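Reading through the structure tokens given below for one structure.
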Protein chains: 2
Amino acid sequence: MQGHFYRRNRGSGWWQGQFKGCGYRFTFPRRLILDVLSSSSMHLSAEDVYLEVHKKYPGVGLATVYRTLELLVQMGVVSKSDFGDGRARYEMNKGPEGQRHHHHLVCSNCGLVIDYADFIDEEAKLLKKVERGLSEKYKFEINSHLMQFYGLCEKCKGKKD
Amino acid sequence: MQGHFYRRNRGSGWWQGQFKGCGYRFTFPRRLILDVLSSSSMHLSAEDVYLEVHKKYPGVGLATVYRTLELLVQMGVVSKSDFGDGRARYEMNKGPEGQRHHHHLVCSNCGLVIDYADFIDEEAKLLKKVERGLSEKYKFEINSHLMQFYGLCEKCKGKKD
DNA sequence: CTCCTATTGATAATGGTTATCATTACCAAA
DNA sequence: TTTGGTAATGATAACCATTATCAATAGGAG
């Protein structure tokens with residue numbers, strides 16, 4: 001490995017701090033993976049990330065991508081979702097500038113996934129309330145939540161299958 | 001296969017109707033699988049179901065269990081969840097007597113899953129509202145939703161890892 | 001600069017789920 | 001009741017995303 005060309009990219013200091021704060025090293029492959037994740041607004045699979053990273057720097061292996069993604073999920077930086085196509089999807093949760101939390105709308109027929117944040121404000125209020133109630137009743141310390149709606153998208157609705 | 005001993009069990013007529021109504025046959029293995037699912041309040045994996053069914057009738061294969069579970073999910077009778085342990089979990093959604101819809105509280109550390117329905121009334125209202133809004137805006141026909149909270153259970157909270 | 005340890009890359013192994021295919025069971029119609 | 005067409009089944013091989021392994025390398029504190 002010869003990862004000595006550190007590209008000057010926004011937020012690298014912030015990221016470095018995040019990693020160090022968690023007791024991890026901020027390595028070159030990890031930086032590349034974060035780059036890919038933060039420059040895409042898609043729901044990327046581990047392989048998607050791997051292919052993208054591989055373009056920029058072919059020396060990064062698939063295992064490292066999986067390991068880093070897992071790490072980022074544990075750090076709360078990335079969230080992992082399952083849309084039912086047999087592979088996990090990853091997307092940025094928060095960054096230096098912060099990012100809007102959103103939920104998903106999944107078409108059970110064609111797999112289309114729509115992010116929405118429109119009704120989040122109202123949802124958020126209730127979610128907070130529910131979280132408080134649940135925390136108290138079940139002595140749980142709630143850190144995150146997952147919320148998805150399943151149904152048929154416009155196109156699949158028409159096809160009546 | 002010699003599935004000629006139809007056990008007289010509650011709701012079999014109802015189930016038969018459900019299957020026929022969807023254009024499927026109500027076979028012996030399917031009945032057994034439904035029995036297992038409805039007599040357990042746990043979140044069963046496909047293998048759990050297989051082992052249980054296998055006890056009563058060793059002639060039922062694993063593939064049939066998977067196929068039937070998938071079918072039941074499509075029929076909306078069973079819901080499939082992922083609690084992050086690498087295998088899907090199945091549980092009854094509705095039955096002859098109906099059953100209370102509930103959500104999950106998942107411990108990210110030990111994997112404990114708690115079902116709750118306590119705050120459902122309030123949640124339900126908002127969910128309906130959100131569903132209406134989303135349906136309209138994104139032209140989606142929403143059929144179901146998934147809602148889970150992640151965090152640390154009472155025991156794991158204490159151990160600070 | 002040096003040392004210790006976390007991290008990495010290549011690859012084998014794992015294991016849940018799905019596909020395949022010959023056989024069997026269901027059920028409507030004769 | 002018999003029959004015929006087709007859905008369903010069981011055994012097993014195949015699939016494939018993810019994880020484990022391990023020797024080699026890089027990060028960073030001192």
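Letters go in sequence order (proteins before strands), and every chain restarts at 1. These numbers were taken from a predicted model, which means no experiment stands behind them.
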Discussion item. Expressed as a whole number of angstroms, how long is the span from D48(B):CG to dG15(C):P?
Written reply: 16 Å
Contact list (N/O, under 3.5 angstrom) for nucleotides 2-6 of chain C vs protein:
residue, atom, partner, partner atom, Å
dT5(C), O2, R25(A), NH2, 3.3
dA6(C), O4', R25(A), NH2, 3.3
dA6(C), N3, R25(A), NH1, 3.4

Item to complete: Could you check R89(A) against P58(B) and say which one's nearest nucleotide on DNA chain D is further toward the 5' end?
Response: P58(B)
Item to complete: List in chain and number order the residues that pass ring-ring contact (aromatic ring centres under 6.0 Å, His included) with F83(B), two or more places apart in sequence or in another chain; answer none if no residue qualifies.
Response: H43(B), H104(B)
Worksheet item: Are T27(A) and dT8(C) close enough that a side-chain N or O sits under 4.0 Å from OP1 or OP2?
Response: yes
Discussion item. Can you identify which nucleotide, out of dT18(D), dC27(C), dA29(D), has its nearest atom closest to the K20(B) side chain?
Written reply: dC27(C)
Worksheet item: Does K157(B) pair with E154(B) as a salt bridge, N-O distance under 4.0 Å?
Response: no
Please output the side-chain donor-acceptor pairs of residues 65-79 of chain B that fall under 3.5 Å, not counting sequence neighbours, one pair per line with the distance.
residue, atom, partner, partner atom, Å
R67(B), NH2, T64(B), OG1, 3.3
T68(B), OG1, T64(B), O, 2.8

Worksheet entry | d(CG, L62(A); P, dA13(C)) in whole Å | 17 Å
Practice prompt. Could you check which residues of residues 63-74 of chain A get a heavy atom under 4.0 Å from DNA chain C? Sort them by number, please.
Written response: A63(A), T64(A), R67(A)
Response to the item:
note: L32(A), atom CG; dG9(C), atom C1'; distance rounded to Å ~ 14 Å
Worksheet entry | Non-neighbouring partners of S45(B) that pass side chain to side chain donor-acceptor pair (under 3.5 Å), sequence neighbours left out | D48(B)
Worksheet item: Can you check ring-ring contact (aromatic ring centres under 6.0 Å, His included) on H103(A) and H145(B), steps first, answer last?
Response: CA-CA 11 Å; H103(A) 293 160; H145(B) 63 256; over 10 Å; no
Worksheet, complete the sentence: From CG of L51(A) across to P of dA17(D) the rounded distance in Å is 11 Å
Fill in: Any residue meeting side chain to side chain donor-acceptor pair (under 3.5 Å) with Q148(A), in chain and number order, not counting sequence neighbours
Y150(A)
Discussion item. Just to verify, what does K128(B) make a salt bridge (Lys or Arg N to Asp or Glu O under 4.0 Å) with, not counting sequence neighbours?
Written reply: none
Worksheet item: Roughly how many Å is it from CG in L44(A) to P in dT18(D), rounded to a whole number?
Response: 13 Å
Worksheet item: Roughly, in whole Å, what's the span from CG in D85(B) to P in dA17(D)?
Response: 19 Å
Discussion item. List the residues meeting salt bridge (Lys or Arg N to Asp or Glu O under 4.0 Å) with R132(B), not counting sequence neighbours, and say none if there are none.
Written reply: none
Worksheet item: Between dA7(D) atom C1' and F19(B) atom CZ, what is the distance in whole Å?
Response: 13 Å
Worksheet item: To the nearest angstrom, how far is F83(A) atom CZ from dA17(D) atom P?
Response: 17 Å
Worksheet, complete the sentence: residues 135-152 of chain A vs salt bridge (Lys or Arg N to Asp or Glu O under 4.0 Å), sequence neighbours excluded, gives K137(A)-D118(B)
